[in-house]
Structure formats: structure tokens, C-alpha cells
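Written out below as C-alpha cells is the structure these notes cover.
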Amino acid sequence: MHEDMAYCSARELARMIREREISAREVVQAHLERIEAVNPDINAVVTLCAEQALDEAEDADQRLAFGAEVGPLHGLPVAHKDTHETAGVRTTFGSVLYADHVPERDELVVERMRAAGAITIGKTNTPEFAAGSHTFNPVFGTTRNPYDTTRSAGGSSGGAAAALACGLHVLADGSDLGGSLRNPASFNNVVGLRPSPGRVPSFPDPMAWSPLSVQGPLARDVRDTALLLSVLAGPDPRSPLALDEPGAAVAGPLGTDLRGLRLAWSADLGGEFDCERAVLDTLTPQLDVLTGLGCDVEEAAPDLSGADEAFRTLRAWRFEAQLGPLLDTHRGQLKASVAWNIREGRELAGADVARAEHLRTRVFHRMREFFERYDALLLPVSQVIPFDAALEFPTDIDGRPQPTYLDWMRSCYVISVTGAPALSVPAGFTEEGLPVGLQIVGPHLAERRVLEIGHAFEQATGFGTRRPPV
């Protein structure tokens with residue numbers, strides 16, 4: 001019963017709780033027992049709020065008993081990324097410098113999930129300051145892939161994705177600068193959406209005018225992803241980039257009729273990145289699924305020249321602006337890759353940042369023009385299959401060197417520069433049984449489109465229903 005509940009969709013669990021077929025307390029208890037049984041093997045949930053969650057579940061059941069109006073996530077156990085401040089719950093950012101940090105207030109995404117009735121069951125693991133797409137840190141250690149615990153769960157929302165994959169909670173929030181919602185979704189056979197900047201407002205944010213880093217939803221299927229997006233999205237006066245469109249705009253039923261859509265597929269975006277043969281061998285046959293759904297699929301790629309330089313420059317500038325003081329005061333307590341990225345930022349001149357902004361603008365317009373010809377772009381999420389968890393990052397792709405912790409993430413981070421929404425949806429398994437995700441990219445602000453394509457593909461393939469062995 002508990003395992004069935006652990007893998008039940010958020011939509012169905014929410015319905016059952018509202019109709020009092022099952023209590024919120026039973027749902028929370030089942031997930032706590034699942035965490036106790038499974039989490040030691042994968043290390044995904046790193047701070048547990050068991051007593052608090054059970055108390056909140058009791059309150060949720062009483063509200064229903066008294067006939068109170070409830071939100072769309074009422075009674076659902078969720079976990080928050082350990083970079084998202086959560087009132088009264090330790091939030092470490094994966095850093096020893098914040099190992100005992102307990103915020104006094106929720107940040108906006110946590111606030112919205114709680115307002116919708118969600119129950120905080122814990123915090124999920126992340127790399128130090130969310131830097132890199134492999135989840136390990138000196139506070140909690142390494143999160144392991146539930147499909148093969150010797151492998152990486154990706155990152156930086158790796159704890160969230162791994163926990164979802166093995167039923168430790170129902171929904172999860174995450175963030176994405178260079179792939180941190182998409183890469184772990186791909187590695188763990190779940191769904192992750194990087195929304196357009198402003199779709200999910202953020203607060204507090206020390207760089208509130210920067211569109212490069214966004215927050216968004218993770219779930220086990222596309223409809224649950226859309227449900228969480230509808231909760232997270234919508235205007236907020238504290239976020240200068242927040243869109244006026246309410247979250248309800250993305251909450252309606254998702255269609256599966258893709259007939260007539262023009263889809264472009266690219267294995268490397270015209271040479272922008274290397275990709276392991278095992279990834280392409282898994283993804284390429286899935287193009288026939290979309291053709292069978294009535295899509296016109298052809299090989300084509302937008303011109304994203306300049307996106308790599310723009311991303312690396314703006315990322316380094318952001319790292320120095322946000323974390324630079326820590327390099328001065330706690331140099332020996334920062335991960336080497338974080339320190340390197342801060343130093344890269346310190347070497348930038350104003351002209352470098354200006355050039356990056358010019359490049360980003362040109363990339364946006366070339367992408368906009370590309371989507372005048374195509375309805376969506378398909379490409380690999382991750383350039384590699386889940387790699388050895390003992391590594392910091394893959395140093396080569398089929399023999400081609402990847403010098404820094406960023407190089408192997410180009411398939412995601414060049415898309416970040418475009419401002420386009422991008423969905424990672426389960427798309428098959430390698431011969432070793434490791435998950436591979438398909439990245440579906442749509443025009444700026446076209447979240448509904450990528451969700452509908454992902455939903456139709458998901459319904460046609462069923463890859464997301466394959467559970468890990470843990």
C-alpha cells in the first residue's frame with residue numbers, strides 16, 4: 001500500500017485527500033516510511049522534517065473535516081531544494097559555511113507551495129552553492145542514482161530528482177542556471193522544466209534583473225509538472241521580471257494531438273557540443289514516435305554561435321557578484337570549481353560583460369527567427385549517460401576532453417542563454433539500464449507547447465513508468 005501511494009501521481013493523491021478517501025496523515029506517514037527504507041541508499045533527502053510534517057498533515061485533515069477551502073496541493077508531501085530558504089528548516093546551500101543556517105522566512109517558491117497546501121517533508125541535496133551538475137558536498141556527501149547507485153544523480157537539483165524517482169516525495173522545486181532542472185531529470189527518469197525567465201518569479205534574489213537563473217518544477221510525469229508550474233507561476237510585485245499571466249494559464253488539461261507540428265531535431269546544435277554515442281543511440285529511435293504522432297520531424301538547428309561565450313561570461317560575473325566575498329574570507333572552505341568560477345568573474349572587464357549581453361541578444365533573435373519555421377526543437381538533455389559518482393565531472397566524452405566542470409553541460413546551458421522554455425522528459429534507457437532524457441525546447445514563453453509535446457510523447461512511450469530497483 002505504501003509503495004503504491006509513493007508512486008501515485010500528485011493529481012490523484014490530491015483528489016483522494018480532498019474527497020477524504022485517504023488522509024493527509026496517511027500519505028505523509030507512507031512517504032516518511034519510504035524515506036526511511038530507501039534514502040540511506042541514495043542520500044537524496046538530507047534534512048527531514050518528520051514531526052513537523054505529521055503535525056501539518058493533521059492540520060490539513062482538520063481543515064477538510066471543517067469544510068475549509070483548500071489549495072491544489074493540499075496534503076501533498078514535498079521537499080525543497082537545499083538552496084531554497086525554508087522557514088524554520090536548516091538550509092545549507094551544500095556549504096560548510098551554512099551548515100547550521102536556519103532561515104526565518106520562506107523564499108517565494110516555498111511560500112507558494114505551502115500556500116497551495118503542500119506539506120514540507122524535508123530538504124533535498126545539492127552541490128555546493130548549486131555549482132555543477134553532480135550532487136555532492138562536504139555537508140551531506142553524494143546523492144546516488146537510484147537506477148544504479150554507483151552513478152551520479154546529476155545536479156544541481158539531483159537530490160530532488162533522485163527522491164522523486166524512488167517515491168520519497170510527490171513533487172519538488174528546483175532551479176536551473178545551466179541545466180540544473182533538466183540534467184537531473186534526465187539522469188533519474190523524471191520530468192524537469194526550465195521555464196522562461198519571469199514565468200516563476202523569485203524572491204529574494206540579489207540579482208533580480210538577471211534572467212539567466214530560473215526556478216521551476218520537477219515531477220514524475222508531465223501533468224504533475226504542469227500542476228506544480230501552475231502553483232509556482234504568476235505575478236509578484238517583489239520580482240521585477242515576473243510575468244503578469246497567472247499560473248492558472250498553464251493548469252488546463254494537456255492535449256495529445258500533435259498532428260501538423262514542425263519539429264527540428266539536432267544531435268549537437270551544429271557542432272556546439274559533443275554527445276556520447278550511447279545517448280544518441282537511445283534518443284534517435286524516439287524520433288519515429290513523434291513522426292507516428294503526426295509531427296513533421298527534420299534535422300535542423302538554430303545558429304547559437306556566441307551562446308557559449310555569453311553563458312560563461314555571465315555565469316562568472318554572477319558567481320563573483322554573489323559569492324566573491326566568500327572567496328576573500330573563506331577561500332579554503334570553497335569547492336575548487338566554485339573558487340575557479342569566482343576568479344573567472346574577477347578577470348572580467350565591463351567590456352566583456354557588455355559583449356556577452358550583445359551576444360545574448362543576438363542569440364535570442366536568431367532563436368526567435370528559428371521558431372518562425374519550427375514549433376519546437378528537440379535535442380539531448382545531457383551529453384553523457386549518468387557517470388561514475390566518484391568523479392566530480394566527466395573529463396571526456398567518448399575520448400574528447402572536457403577540461404572544466406561546465407564543458408559537458410553545453411547541451412543545456414546554451415539553451416539557457418536563449419530564454420526559451422525547455423523540458424526534460426524520459427526518453428528511454430541505455431543497454432545498461434540507465435535513463436536518457438529528451439530535451440524539448442519551445443519559443444520564448446511557450447511553456448504550454450513544450451508541456452503538450454512532452455505529454456503526448458510520454459503517453460506514447462511510457463518510459464517514465466519504469467521504476468528504479470531501489
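We use all heavy atoms of the structure for the numbers below, so side chains are in, but hydrogens, waters and symmetry mates are not. Keep in mind it's a predicted model, so treat the numbers as computed, not measured.
The only member of Pro211, Ser196, Pro201 that meets side-chain contact (heavy atoms from CB on, under 4.5 Å) when paired with Leu241 is Pro211. For the pairing with Asn183, the side chain to side chain donor-acceptor pair (under 3.5 Å) check across Ser382, Ser411, Ser157 returns one residue only, Ser382.
Remark: the backbone N or O of Ala44 is paired with a side-chain donor or acceptor of Asn39 at under 3.5 angstrom. Of the possible polar contacts, one joining the Ser180 side chain to the Ser156 backbone as a donor-acceptor pair under 3.5 Å is found. Of the possible donor and acceptor atoms, none in the side chain of Ser213 sits under 3.5 Å from a partner among the backbone N and O of Leu177. Counting only distance, with no hydrogens or angles, the side chain of Asn188 and the backbone of Ala153 share a donor-acceptor pair below 3.5 Å. Under a 3.5 Å cut-off, the side chain of Lys81 and the backbone N or O of Ala130 do not form any donor-acceptor pair. Side chain of Tyr374 to backbone of Leu261: no donor-acceptor contact under 3.5 angstrom is found. Arg199 contributes a side-chain N or O that, together with a main-chain N or O of Leu445, makes up a donor-acceptor pair within less than 3.5 Å. The main-chain N or O of Val109 is never found under 3.5 Å from a side-chain atom of Asp173 such that the two would form a donor-acceptor pair.
The aromatic rings of His101 and Tyr98 sit perpendicular to each other, their planes meeting at more than 60°, with 30° as the lower class boundary. Between Phe429 and Tyr147, the ring planes lie tilted relative to each other; the angle falls in the 30° to 60° range.
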Inset, instruction - Show the numbers, then the answer: is there a side-chain contact (heavy atoms from CB on, under 4.5 Å) between Val28 and Glu56? - result: CA-CA 9 Å; Val28 169; Glu56 291 180 12; over 6 Å; no

Inset, instruction - Could you give me the CA-CA distance, side-chain angles and deciding distance for Ile121 and Ile35, then say whether side-chain contact (heavy atoms from CB on, under 4.5 Å) is met? - result: CA-CA 10 Å; Ile121 204 168; Ile35 290 170; 4.1 Å; yes

Inset, instruction - Might you work through the side-chain contact (heavy atoms from CB on, under 4.5 Å) test for Thr256 and His455, ending with a clear yes or no? - result: CA-CA 7 Å; Thr256 57; His455 174 56; 3.5 Å; yes

Legend entry - Stepwise side-chain contact (heavy atoms from CB on, under 4.5 Å) test for Thr47 and Phe140: CA-CA 9 Å; Thr47 296; Phe140 298 115; 3.9 Å; yes

Legend entry - Full working for ring-ring contact (aromatic ring centres under 6.0 Å, His included) between His444 and Phe371: CA-CA 9 Å; His444 182 55; Phe371 283 127; over 10 Å; no

Inset, instruction - For Arg449 and Glu452, run salt bridge (Lys or Arg N to Asp or Glu O under 4.0 Å): C-alpha distance rounded to whole Å, both residues' side-chain angles, the deciding distance at 0.1 Å, then the answer. - result: CA-CA 5 Å; Arg449 184 181 301 176; Glu452 290 192 335; over 6 Å; no

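In summary, Asp375 and Arg262 engage in a salt bridge, as defined by a charged side-chain N under 4.0 Å from a carboxylate O. For the pair Arg105 and Glu111, the salt-bridge criterion is not met [side-chain N within less than 4.0 Å of a carboxylate O]. The existence of a salt bridge linking Arg410 and Asp308 is confirmed by a sub-4.0 Å separation between a basic side-chain nitrogen and an acidic carboxylate oxygen.
Taking the side chain as every heavy atom from C-beta outward, Asp236 and Arg112 approach each other to under 4.5 Å. Put simply, the side chain of Phe187 does not reach to within 4.5 Å of the side chain of His134, judged on heavy atoms. With a 4.5 Å cut-off on side-chain heavy atoms, Pro127 and Thr135 count as touching. By the 4.5 Å heavy-atom criterion applied to side chains, Thr126 and Phe93 are not counted as neighbours. A 4.5 Å side-chain heavy-atom check between Met367 and Leu377 finds at least one atom pair inside the cut-off. Considering only heavy atoms from C-beta on, Asp268 stays 4.5 Å or farther from Cys275 through its side chain. Using a 4.5 Å heavy-atom threshold, the side chains of Ile415 and Arg182 count as touching. With a 4.5 Å cut-off on side-chain heavy atoms, Leu263 and Ile453 count as touching.
No donor-acceptor contact under 3.5 angstrom links the side chains of Thr313 and Arg360, judged on distance only. Looking at Thr461 and Gln286, their side chains never bring a donor and an acceptor atom within 3.5 Å of each other. Side-chain atoms of His31 and Arg34 form no donor-acceptor pair, as typed in the model, at a separation below 3.5 Å. For Thr404 and Asp407, the side-chain atoms include at least one donor-acceptor pair closer than 3.5 Å. Side chains of Arg223 and Ser9: a donor-acceptor N/O pair is absent below 3.5 angstrom, by distance only. At a cut-off of 3.5 Å, with distance as the only test, no side-chain donor of Lys123 or Thr92 sits close to an acceptor on the other residue.
Partners of Glu107 according to the side-chain hydrogen bond (donor to acceptor under 3.5 Å, both in side chains) rule, which considers only residues two or more places apart in sequence or in another chain, are Gln215.
Atom CZ of residue Arg11 and atom CG of residue Leu76 lie 11.5 Å apart, to the nearest 0.5 angstrom. Between the CG atom in Leu438 and the OG atom in Ser186 there is a gap of 9.0 Å [rounded to 0.5 Å]. A distance of 10.5 Å separates CG of Leu181 from CG of Leu423, quoted to the nearest 0.5 Å. Expressed to the nearest 0.5 Å, how far CE of Met16 lies from SG of Cys8 amounts to 6.0 Å. Separation of atoms CZ (Phe387) and CD1 (Ile397) is listed at 10.5 Å; rounding is to 0.5 Å. For the atom pair Thr86 OG1 and His80 NE2, the distance stands at 5.0 Å (nearest 0.5 Å).
Nearest heavy-atom pair across Asn125 and Gly141 is ND2-O, 3.2 Å. Minimum heavy-atom separation, Ala6 to Gly167: CB-O, 3.3 Å.
No more than 12 heavy atoms of other residues, nucleotides or ligands lie within 6.0 Å of CD in Glu36, so this atom counts as exposed by the packing criterion. Applying the 6.0 Å contact sphere to CG of Asp244 captures no more than 12 heavy atoms from other residues, nucleotides or ligands. Within 6.0 Å of atom CH2 in Trp265, more than 12 heavy atoms from other residues, nucleotides or ligands are found, so the atom counts as buried in its surroundings.
Taking the centre and axis of the six-membered ring of Tyr413, the NZ or CZ atom of Arg315 falls outside the cone set by 45° and 6.0 Å.
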